[in-house]
Amino acid sequence: MKKIAQVIVNIPTRNIDKAFSYIIPDHYAYIDIGWRVIVPFGQRTVEGFIINISDISERDETALKPITDILDDFAWFGNHMLKTAEWLAEYYLTSLAESYRMFIPGKAGVKTQELYKIADSVSEVQLAELKEASKDNDNKDNFKIIEHIYKKGPLKLSELRKEFRHTISDSSLEDIIKSLLRQKILCKHSKIYKSGLPRLTTVYSLAVDAATAINTINATSKRKPAQLRLIEELLKYNSLDSSQLRQLSITLDTVKRLVKLGLIHTKQVQIIRDSYADREFSAPKLKPTQDQEQVLGQIIPAILEKKFKSFLLRGVTGSGKTQVYIEAVRTARNLGRQAIVLVPEIALTSQIVSRFKAAFNNDVVVIHSRLSLGERYDAWQRLRCNQAGIVIGARSAIFTPADNLGLIVIDEEHEFTYKQEEAPRYHAKEVALTRAKFSEAVVILGSATPSVETYFQALQGEHSLVCLTRRIDSVPLPPVTVVDMRNELAQGRRGVISPAMQDMLSETFSKGEQAVILLNRRGYSTFIMCRECGHVIKCHHCDIAMVYHAANTSLRCHYCQERQAIPDCCPVCGSRYIRYFGTGTQKVEETLTQLFPQAKIARMDQDTTSGKTSHEKILSDFAKGSYDILLGTQMVAKGHDIKNVTAVGIISADTALNLPDFRAAERTFSLITQAAGRAGRGNRPGKVVLQTYNPEHFGILSASTHDYETFFRSEIKLREQLDYPPFTQLINICVLSKDNTEADSQAKAIVAELKCTLRGLNHTSIIGPFPAPISKKKDVYRINILLKTRQLSEVRNRLSELKLHTRKGIIIDVDPLNVL
DNA sequence: AGCACGCCGACT
DNA sequence: GTCGGCGTGCTC
């Protein structure tokens, strides 16, 4: 009896949001839920994922198309992966295809190639007629193309372009092809092939024993030195692949002759593509400290139990959270279960990677954005087939197809990079918790400064709270000196670097130690303003001030990368008094060079880290002592553990404090704490100087005393008063349009719809519409509508019925992290 | 997303 | 009268 498969077609569109039914043909009767298949869809052939199987009815037999092919020879999606994908689509209001697709490498498992061929209906006679017609006609080109395709068979557009590049222009070639398609002389023929297939290589080995082989070769009349040498090498190495043969300078021809004689076996073996495989990793193997043992004493039994449980591991900076992760992972691996370790950004956390590689060698697979599709496919396949058991990667690694998941670690749980800012707008922590529930795994959320939401959940008992309160070897946290920049100004000191910070730096250098300086702004000056009329120079395409970059003396927009020349006078009032305001990393670099001419400065921000490994290069050079100062944006505050860093300077702690975002205080607190935590991780005490215009702000105060608890208590009160998360949940609906008034009217219409749909729901409010804080980005106007609710699932259900997410020009962000 | 179907303006 | 614009709707 034939079966019907419910298939999600992998097409990147928001308005198909359901499964389609296909007949499973007899020769694929064995395929099941979770398999990736190829199906006909409209005129095309696309990839699909089977999410259900049911019995056939008589009506189906004729109405449905059959599955054409399969992509793998196993079910790609395990059961809990399917459930997680389903949850993802529902929770974040995205299409099913978009959601399931997260679990495959790349966007699609198949690629299509459009070829042009002569339509089947065109006969020889017709061709002859066309040839005749082209003689006295001025469209000779048409026939030239037809003739060429007739001779060569189906061709790609690019091949046709190449052939006629001297005689027919590209645009007229396309026009001719269009018209031939219309006349049904040509037709499209799409070739579909699977992408991301395993790469195979042929391996050769002896098929008979050595004596037989040598005798057989010698039995032929002539001397065969090359063949004999091949046998010799095969005896030595057992088997050889083509690259080894090349190294031994044995030609493929020699091998083929022996294969023909039946003396050598060939075998296809998969090779793992990994351009990073031969990098060396070294890290000390450490024994857990007493504190770590105590924490592990709570985590390990949970892992052994093979039941879902989540932990919040709050450990001060430098307390050795990584060691806890390693031991927890070891426990899961000993049970034969797999582990996913998420880090905020793989480039900034090479130290964690080294530690894991040193502890687990090839059992670790590192996923990062630089991997090619093939490499990613192989990495995932190794986990899929249980050849490796540990994956380390940034947020998307949460979708690794590990079927036997026992542990998920999220390091620096509070980091905003765990939220994806494009569809599906998921938060890796939510996905991790859901995935872990479905697969009965343990989750460890680690941070020195947990997000307010997570800590609140832990206090409510949703996560078990475990703490590391002391740094390794009980090194004290560095004392923080707060410099009130208003006082500095009052005393006539207008420099970017206060005397206190200057003193700290010179003392540090005199001892041969290193400093990290954090400034949350790149560029030279952050904005340019006319002193007479107050006009600020903004980007033409975005509603944001242009930033002056000294390197190429131009103004740049940090949102769309557009450049502008620096005007001589104000474009509004014509005044020549225009001034640069604010301070960026470039300006600080300049100031530091003046103050400390002998100091070597490494600047690390988006402008200096464009290359692939430039992050790591700068960090490792700094760690080696090639620089005295590491100056940069927030990326200098994270992850690294360099013993010789004893001083940390925070130039302006409040830049993030004044953003129109209810999480501004939290961001500021955690950034300062993380930055301060870079100081004094070795055996020498550290020191921090913090410059601010808001020294009395509770976020700054508690950060300066490394006091998370106090910060949390103040912040949670504010959140409760203002009814913000974690007391409510938010959904942001952003209306996009190139036309401002259109965006406005659409937003108003949506608010009206929402009011109607959400009528009668308690603890639910609609805020807005209001222009997004950055109201224009790349020429697109953005208007926000914010929903605040204590009944997220009900609101989500009703939104889902409205089908808002299938409309174009609307972005729905569930649990948004910023509404900028 | 593609691609067909379908309804209105500018041309041989 | 036709060709061709792209607005709407469907794809098992």
Side-chain angles (χ1 to χ4, degrees), chain A residues 2-26 28-29 31-33 35-71 89 94-102 104 106-117 119 121 133 136-139 142 156-157 171-172 174-193 195 422-424 736-739 742 746 803 805-811:
Chain A
K2 279 201 179 80
K3 296 259 184 185
I4 301 290
Q6 299 295 319
V7 174
I8 302 288
V9 287
N10 182 13
I11 289 177
T13 176
R14 30 180 39 189
N15 45 11
I16 301 179
D17 203 18
K18 56 172 188 174
F20 289 82
S21 306
Y22 288 89
I23 295 172
I24 299 177
D26 288 334
Y28 290 138
I31 64 177
D32 206 342
I33 292 174
W35 282 63
R36 298 197 298 167
V37 291
I38 293 174
V39 290
F41 191 70
Q43 318 301 113
R44 290 175 301 160
T45 306
V46 296
E47 177 186 28
F49 315 123
I50 302 182
I51 57 158
N52 229 323
I53 295 217
S54 55
D55 285 324
I56 200 164
S57 74
E58 244 172 78
R59 193 173 45 89
D60 297 334
E61 188 98 50
T62 48
L64 301 183
K65 294 181 180 176
I67 287 169
T68 26
D69 202 355
I70 54 175
L71 268 157
T94 52
S95 73
L96 289 162
E98 217 148 31
S99 162
Y100 281 87
R101 195 205 295 196
M102 297 308 293
I104 63 167
K107 299 222 165 192
V110 294
K111 284 210 167 71
T112 44
Q113 200 172 61
E114 297 290 355
L115 300 172
Y116 296 96
K117 63 170 193 177
S121 57
D136 44 44
N137 207 322
D138 52 3
N139 52 9
N142 292 23
K156 284 188 273 185
L157 184 61
S171 61
S172 60
E174 271 165 58
D175 287 346
I176 293 171
I177 288 174
K178 251 191 213 163
S179 97
L180 290 175
L181 283 172
R182 251 197 318 276
Q183 294 169 51
K184 302 255 187 310
I185 297 170
L186 287 185
C187 69
K188 270 193 195 173
H189 170 79
S190 36
K191 213 168 106 186
I192 165 155
Y193 55 96
S195 64
E422 58 194 67
L736 306 172
S737 176
K738 292 229 171 202
D739 178 58
E742 145 126 33
Q746 221 201 325
K803 297 246 177 276
H805 60 292
T806 63
R807 297 188 208 170
K808 58 177 185 178
I810 291 180
I811 294 173

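First the proteins, then the strands, lettered A, B, ... as listed; each starts at 1.
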Student: Rounded to the nearest Å, what distance is computed from the CG atom of residue A:Asp17 to the P atom of nucleotide B:dA1?
Tutor: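 Going from A:Asp17 (CG) to B:dA1 (P), I get 14 Å.
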
Student: Please work out if A:Ile16 contacts a base, only the sugar-phosphate, or nothing of the nucleic acid, heavy-atom cut-off 4.0 Å.
Tutor: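 Contact class for A:Ile16: base.
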
Student: Measure the distance between the ring centre of A:Phe41 and the centre of the six-membered base ring of C:dC12, then answer whether it is under 5.5 Å with planes under 30°.
Tutor: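 One would not call A:Phe41 stacked on the C:dC12 base.
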
Student: Output a table of donor-acceptor pairs, distance under 3.5 Å, between side-chain atoms of residues 2-10 of chain A and any protein atom two or more places apart or on a different chain; print 'none' if there are none.
Tutor:
residue, atom, partner, partner atom, Å
A:Lys3, NZ, A:Asp55, OD1, 3.0
A:Gln6, NE2, A:Ser21, OG, 3.2
A:Asn10, OD1, A:Arg101, NE, 3.0
A:Asn10, ND2, A:Glu47, OE1, 2.8
A:Asn10, ND2, A:Lys107, O, 2.9

Student: Closest to the A:Phe20 side chain: B:dG2, B:dC3, C:dC12?
Tutor: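 Among B:dG2, B:dC3, C:dC12, the one nearest the side chain of A:Phe20 is C:dC12.
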
Student: Of all the nucleotides listed (B:dA4, C:dC12, B:dA1), which has the minimum atom distance to the side chain of A:Tyr22?
Tutor: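 Selected nucleotide: C:dC12.
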
Student: Output, in order, the C-alpha distance, side-chain angles, deciding distance and verdict of side-chain contact (heavy atoms from CB on, under 4.5 Å) for A:His805 and A:Asp17.
Tutor: CA-CA 10 Å; A:His805 60 292; A:Asp17 203 18; 3.5 Å; yes

Student: Nearest-Å distance, CG (A:Asn10) to P (B:dA1)?
Tutor: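 So the two atoms are 13 Å apart, to the nearest Å.
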
Student: Look at A:Thr13 and B:dA1 and indicate whether a side-chain polar atom (N or O) is within less than 4.0 Å of OP1 or OP2.
Tutor: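 Yes, because at least one side-chain N or O of A:Thr13 sits under 4.0 Å from OP1 or OP2 of B:dA1.
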
Student: Rounded to the Å, how far apart are A:Ile11 CD1 and B:dG2 C1'?
Tutor: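 A:Ile11 atom CD1 is separated from B:dG2 atom C1' by 8 Å.
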
Student: Can you check the A:Ile56 CD1 to C:dC12 C1' distance for me, whole Å?
Tutor: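 Taking CD1 of A:Ile56 and C1' of C:dC12, I get 12 Å after rounding.
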
Student: Keeping A:Ser95 on the side-chain end and A:Glu98 on the backbone end, is there a donor-acceptor pair under 3.5 Å?
Tutor: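 Here the side-chain-to-backbone pair exists.
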
Student: Using a 4.0 Å heavy-atom cut-off across all strands, classify A:Lys18 as base, sugar-phosphate, or nothing.
Tutor: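 Base: the residue A:Lys18, judged by heavy atoms under 4.0 Å, touches a nucleobase.
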
Student: Which pairs of donor and acceptor atoms, one on a side chain in residues 63-70 of chain A, lie under 3.5 Å apart (sequence neighbours left out)?
Tutor:
residue, atom, partner, partner atom, Å
A:Thr68, OG1, A:Ile38, O, 2.7
A:Asp69, OD1, A:Tyr28, OH, 3.0

Student: For A:Gln43 and C:dC10, what is the distance between atoms CD and C1' respectively, to the nearest whole Å?
Tutor: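 It works out to 10 Å between those atoms.
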
Student: Separation of A:Lys808 atom NZ from C:dG7 atom C1', in whole Å?
Tutor: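 Interatomic distance, NZ of A:Lys808 to C1' of C:dG7: 9 Å.
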
Student: Drop me the distance from A:Leu96's CG to A:Phe49's CZ, to the nearest 0.5 angstrom.
Tutor: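 The CZ atom of A:Phe49 is 11.0 Å from CG of A:Leu96, to the nearest 0.5 Å.
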
Student: Given atom CD of A:Glu47 and atom C1' of C:dT11, what is their separation to the nearest angstrom?
Tutor: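 In whole Å, C:dT11 C1' and A:Glu47 CD are 17 Å from each other.
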
Student: Using atom CG of A:Asn15 as one end and atom P of B:dG2 as the other, report the distance to the nearest whole Å.
Tutor: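 A:Asn15 atom CG is separated from B:dG2 atom P by 12 Å.
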
